[in-house]
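What follows is a set of notes on a single structure, which appears directly below.
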Amino acid sequence: MVKSTRTRIISMAAAVGMLLSALPALANSLQSVKVTQGPENSQVVTISLSEALAAMPMHFTTTNPNRIVLDLPGIDNPLGRASETVNTGVIRAYNIAQTADRTRIVVDLKGPAAYEVRKDKNQLFVTLHGSEAGSGVAPSHFESASASPASSANSIRDVTFRRGQKGEGRIEVTLSDPGVGIDIKQKGKTIQVDFLNTGLPQSLQRRLDVSEFATPAQTVETFAQGQATRMVVTPKGKWDFFSYQTGNTFTLEVTPLDSADKTAGKTRYDGEKLSLDFQNVEVRAVLKVIADFTGLNIVAAESVAGNITLRLKEVPWDQALDIILMTKGLDKRENGNVIWVAPRQELMDKEKQKLEAADVEELQTEIIRLNYMRAPDAYAILTGKSITSVQAGEKVTCATAAEGVGGRNENFPGSSGASGTSGNTNSMVSKRGTVNFDLKTNSIFVQDTFDRIAKIKALLKEIDIPARQIMIEARIVVAGDSFSRALGARLGFKAKIGSGGISTTATDAASIATGGPGTTVPYNVDLPANTSTFTNAASQIAYTFISSNAILGLELQALEADNRGKILSNPRVVTQNQVPAVILQGQQIPYLTPGTNNTNATVAFKDALLCLLVDPQVLNNEDIILNVEVQKDAAGKVMASGIPIDTKRVKTQVRVKNGETVVLGGIFEQTQNNDTEKVPLLGDIPILGALFRTNYKQDAKTELLIFLTPRLLDDAVTLK
């Protein structure tokens, strides 16, 4: 603010001259100003005049610093003193200032205080109650001299509740008379409003549950309290409240404070707080008072007219201005420190006329050279199109064949530099304007009015910035842990018994019976170690016993393997914001495709690739959204029918902070086998049964993990 608070308050004396212009100038004079002690620790400022006041003077308060201001129109100050130090109770001092047509009395306070103003013949009494102990905030009072203490005509007509646009709870009370005295204060965790000397119909004595409106207010209870009516509002959470009255409608608003997102994007008021009490005062005069208080220039149109009854307590001045404008159907336009106020429809009509006047303005031509942005992308924005649709042809896939690099926007209208007249309602150019571009110089050509070109240049200055570059690093880990064990035995026996022979085969047994040769021992029990999963043969222990008529052979086999391994793949790729990229490595495995009748076979290829495909988007808070696909293929074991391809693939969208690592997914496989093969009955014999069975145990684990780390890069980056 340019002016101090005291200077602004004193300068407001010139504005209030419009409030009671019918009174003769300086027809009355100030006789004395006294401060005395009142009942119940109150203080009374008694202002004596030479004649009685025709109407209650205007009065208002400020909070920084705390002051009460009274304007006495048509009053002369023959006392000759400007200030008086009191320094008792809540009053620090008072100041008297006179202008050409009025006298202003400013009471400086030590803190917030509630006050009442009443007049009796030629005396004006201001009763101050001071701030509540421990609260630091005085209760608010809406008092009026026009409200008779014994009046039975004052009553409440209606009580309604609604939710405001900013999530505030709004209680509106319709009064029978705008001069009803109102006392507002916070009592513990509730808000208490007393309507003094005001009746309440039986139908309105009720308790409203308003918790479903999603505002801080939970209940609104209204009931009779002697000759007055009391309203108790119970909020929850963190909240604040303020109140105001326009005409016969008193409004209490309870606003939330505990959630930043409730006020995000909403109008926030941060002006100095003030209290105003106007009874049937011209709107133009009220605007002048606010202009003097704020130091701003408020220009009111000639069509701004009418009177307003308004009472505000501890309301920011900018909110007070909006309340006044809303009540009278007005609106404002701000330009620097000048505020233009006019009826809402009048402002809309003038803005429409300004737009229509642009249709006859001379067109100008401007060449705008772009530094970082591609001209076709800027063209798309200016003509109301989407850059995404322009770049829709840019696709990358995990394909081994190179697809070539083509220019973006090759099929976009106007890419050759042709004129592009805007017919799009979202276009930045006017109906008469045109825009086109040149790829060679990366420039935009605009033909339009001076104001429209200035807006286009301002827009392009904001968006013509270097695109962020991102390095995306993936780690693909395949870990294996396998254990297997196989135990087996072979047992053979052949002998000649009498005229017969014993062996595993009938032929061999007959040969032994006839005395034929037999140098080897055929196996009667053949259960060797299972070597199907091992690359090496099993270890063996053999024993052979030979006698004159018999041969006994025993062979024990054992095999154990413990395999642990890890395969790490680490692809990395650098790309620009919102530009897809791919990096891959692998091999193509050939296989035969038989022709007709198994003739004329041809060779085809299968891809076994490691591929990283990303499409990043950098957010304003430097978080990164990634559309990502990771693929890892490998050749499997060679089979009779060909070579299978082991495929591992993940495709997803994630949001991750710059430099942080996210786990995209994992696959865990575990295989457990415990097999036994044996000779029936013989294999179950304790100890000796091991010679007639084979045991095979397998425990294999395989785990796949995929990690992804995006990093925003500076202008120059080297991959290491």
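- Scanning for salt bridge (Lys or Arg N to Asp or Glu O under 4.0 Å) contacts around R452 gives an empty result, with sequence neighbours left out.
- Inter-residue side-chain proximity for L370 and F437 is flagged as unmet; no heavy-atom pair is nearer than 4.5 Å.
- Annotation: side chain of I583 is not in contact with side chain of R572 (no heavy-atom distance under 4.5 Å).
- Within the 4.5 Å cutoff, side-chain heavy atoms of L321 are placed close to those of I339.
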side-chain hydrogen bond (donor to acceptor under 3.5 Å, both in side chains) assessment of D349 paired with Q345: CA-CA 6 Å; D349 292 342; Q345 188 60 45; 3.0 Å; yes
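- Looking only at side-chain heavy atoms (C-beta outward), V435 and Y379 come within less than 4.5 Å of each other.
- At a threshold of 4.5 Å between non-hydrogen side-chain atoms, the residues V656 and L708 do not count as touching.
- Two residues are said to be in side-chain contact when any heavy atoms from C-beta on lie closer than 4.5 Å; T449 and Q364 fail this criterion.
- Residues V429 and T383 have side chains not in contact (no heavy-atom distance under 4.5 Å, counting atoms from C-beta outward).
- Considering only heavy atoms from C-beta on, T215 comes within 4.5 Å of F161 through its side chain.
- Other residues, nucleotides and ligands place more than 12 heavy atoms under 6.0 Å from the CZ atom of R333.
- Applying salt bridge (charged side-chain N to carboxylate O under 4.0 Å, His left out) to E253 and the options R162, R163, R170 leaves one that passes, R170.
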Between side-chain atoms of residues 661-674 and protein atoms elsewhere (two or more places apart, or another chain), which donor-acceptor pairs fall under 3.5 Å?
residue, atom, partner, partner atom, Å
T661, OG1, T709, OG1, 2.6
Q670, NE2, D699, OD1, 3.4
N673, ND2, Q698, OE1, 2.7

